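Heavy atoms only: backbone and side chains are in, while hydrogens, waters and symmetry mates are out. Residue numbering restarts at 1 for every chain, and letters A, B, ... go by the order of the sequence lines. All of these numbers come straight from a predicted model, not from anything done at the bench.
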There are 2 protein chains.
Amino acid sequence: MARTIGSNGARTAEAIRQAGVTLIYRHGYEAMSLRQLAAEVGLQSGSLYKYFDNKQSLLFDIVREHMADLLAKAEADLAGIDDPMARLKAFSAFHLRYHMQRMAHVFIANMEIRSLDDDHRAMVVGLRRRYENLLEDTLRAGAQAGVFRIAEPKVATYAIISMLTGICMWYRPGGRLSQDQLVDIYTGLVVDGVTGPQGLTAAAERHRALA
Amino acid sequence: MARTIGSNGARTAEAIRQAGVTLIYRHGYEAMSLRQLAAEVGLQSGSLYKYFDNKQSLLFDIVREHMADLLAKAEADLAGIDDPMARLKAFSAFHLRYHMQRMAHVFIANMEIRSLDDDHRAMVVGLRRRYENLLEDTLRAGAQAGVFRIAEPKVATYAIISMLTGICMWYRPGGRLSQDQLVDIYTGLVVDGVTGPQGLTAAAERHRALA
DNA sequence: TCAGGAAACAATCAAGCGTTCTTTTTTATT
DNA sequence: AATAAAAAAGAACGCTTGATTGTTTCCTGA
């Protein structure tokens, strides 16, 4: 046999992509063999090369597409929100929801960066930097307005993102807490962490009074 | 040639362990070949089997020893500290310092858990759970005393540990900020996050008044 | 001093890897 | 109905991998 009945290029390409995400998530990129991937899709390993140039480019496609999607959706979600506190909450909520819904993609993008060769890695890191800047800029703006008290916006950015991203280390759908509840809890931790023990500072009170 | 001059079993074993940590940190467990490891130590690949049963047990040894060390040192550090706030700060400081000093070990223990087979993984996860409980118990005690305002101690535990552990994703020795400064910044975020916007609650005030 | 154990080499194995190439079958176009 | 293009099979490739074995050399303690 050769071409199987009902076969379709676009459908197969999507199946390969999905199976790739699942297998890399479960076993890691290095540990996933192309024969394993092919079997998952119902193909011979050689046939995969109609859909990507090599194993590396499959990983890159998956990671880059995910990062681009994450960045685009975040920018769309924050568009039009100017108030730093509102932006912070929106970012936190978006990040959490996205990570709960696409755990496998997120996990791969975070874990397998080192498996990318230099050029590809640089591209992905660039996208990640742009994403982080969405938060960092918000933190700086809030600090300047006196709404946040943050000694080191860069450090706070890394800290917050690490905390939020950590949710996909343990979250499982159907658990005791709903996604909404988790968003509330995490966002509360974030907001309290950046507003400090006294809540709004004097500068923020002034800023408020003017508004 | 066979046995090289000045060779010593204990020294070689330690060299293998160290090289293993370095290579797994850099390339990942699956991507590290035993020939690569042997070359790093100055051995033939076959000689490695005098020091471990197989590749898997090398990884397990590294991870388990790290987790046991982390847990023991943390327990020692917190021993004698009863006040929840003091314990929280001590835990945070310990965790950060440990992670800044042994980034490679930490990274491996977090990333390569999935490369362990089921029994080994279960053992490591058990140790991790015990470590997490150090923090969770502290959070619960503090919440009960009214010093912390925490809706979900379990979630807060995961969130805090993720945030703190995240430091080894970007920290590099010799950077702009010293370890002490970073400990201050991160611990501040943690403390503010668990005390809430109003600082101490009414219950905490009562608790304080009694002391 | 000289045996016995420790340490390492050297060669080898089967299995699996990513990849390429050719062939066959199905689908779409005219 | 004829033909071209698309989709996949299947065989083969050179290599590397983790693992094993037998042998040689060195070290050390009685």
Side-chain angles (χ1 to χ4, degrees), chain A residues 1-24 26-63 108 112 114-117 119-120, chain B residues 1-24 26-63 108 112 114-117 119-120:
Chain A
M1 328 124 226
R3 177 168 186 169
T4 50
I5 64 173
S7 63
N8 171 285
R11 204 185 319 130
T12 304
E14 186 49 34
I16 290 173
R17 194 184 278 292
Q18 281 196 353
V21 169
T22 302
L23 288 177
I24 294 175
R26 269 213 287 269
H27 308 299
Y29 169 74
E30 303 275 0
M32 175 198 71
S33 79
L34 292 183
R35 284 171 176 80
Q36 203 180 356
L37 173 60
E40 195 79 10
V41 187
L43 256 55
Q44 294 293 108
S45 65
S47 305
L48 293 174
Y49 284 78
K50 289 266 170 187
Y51 299 93
F52 50 73
D53 292 343
N54 47 47
K55 197 187 177 188
Q56 167 79 203
S57 81
L58 168 68
L59 174 62
F60 178 59
D61 279 358
I62 290 173
V63 174
I108 293 172
E112 303 292 2
R114 68 168 156 196
S115 298
L116 292 170
D117 54 35
D119 294 349
H120 291 156
Chain B
M1 332 117 229
R3 178 168 186 172
T4 49
I5 64 172
S7 66
N8 170 284
R11 204 184 319 133
T12 304
E14 186 49 34
I16 290 173
R17 195 185 276 294
Q18 281 195 352
V21 169
T22 303
L23 287 178
I24 295 175
R26 269 214 286 269
H27 310 299
Y29 168 75
E30 302 276 359
M32 176 197 71
S33 80
L34 293 183
R35 285 170 176 80
Q36 203 179 356
L37 173 60
E40 194 79 12
V41 187
L43 256 55
Q44 292 295 108
S45 67
S47 305
L48 293 174
Y49 284 80
K50 290 268 170 185
Y51 298 94
F52 51 73
D53 292 343
N54 48 48
K55 197 187 177 189
Q56 167 80 203
S57 80
L58 169 68
L59 174 63
F60 177 59
D61 280 358
I62 289 173
V63 174
I108 293 173
E112 303 291 2
R114 68 170 156 195
S115 298
L116 292 170
D117 53 36
D119 294 349
H120 290 157

Sugar-phosphate, base or nothing in reach of Lys55(B), heavy atoms under 4.0 Å: sugar-phosphate
Sugar-phosphate, base or nothing in reach of Phe52(B), heavy atoms under 4.0 Å: nothing
Nearest-angstrom distance from the residue atom [atom1] of [X] to [atom2] of [N]:
X	N	atom1	atom2	value
Lys50(B)	dT21(D)	NZ	P	12 Å
Leu37(B)	dT17(D)	CG	P	12 Å
Gln36(A)	dC17(C)	CD	P	8 Å
Gln44(A)	dA9(D)	CD	C1'	6 Å
Leu23(B)	dG18(D)	CG	P	12 Å
Leu48(B)	dA7(C)	CG	P	14 Å
Asn54(B)	dT20(D)	CG	P	8 Å
Met32(A)	dG18(C)	CE	P	7 Å

Among [options], which nucleotide has an atom closest to any side-chain atom of [X]?
X	options	value
Tyr49(B)	dC17(C), dA7(C), dG18(D)	dG18(D)
Leu34(A)	dT20(D), dA10(C), dG18(C)	dG18(C)
Ser45(A)	dT19(C), dA8(D), dA19(D)	dT19(C)

Short side-chain N/O contact from Ser33(B) to OP1 or OP2 of dT17(D), under 4.0 Å: yes
Checking [X] side chain against [Y] main chain: does a donor-acceptor pair fall under 3.5 Å?
X	Y	result
Gln56(A)	Ser115(A)	yes
Glu30(A)	Glu30(B)	no
Lys55(A)	Ser33(A)	no

Check: Gln44(A)/Ser47(A) side-chain N/O donor and acceptor closer than 3.5 Å: no
Heavy-atom donor-acceptor pair, Ser47(A) side-chain to dA7(D) base, under 3.5 Å: no
Side-chain donor/acceptor contact of Arg35(A) with base of dG16(C) under 3.5 Å: no
Earlier contact from the 5' end, DNA chain D, for Asp53(B) and Leu43(A): Leu43(A)
Minimum heavy-atom distance Tyr49(A)-Asn54(A), with the two atoms named: CE2-CA, 3.9 Å
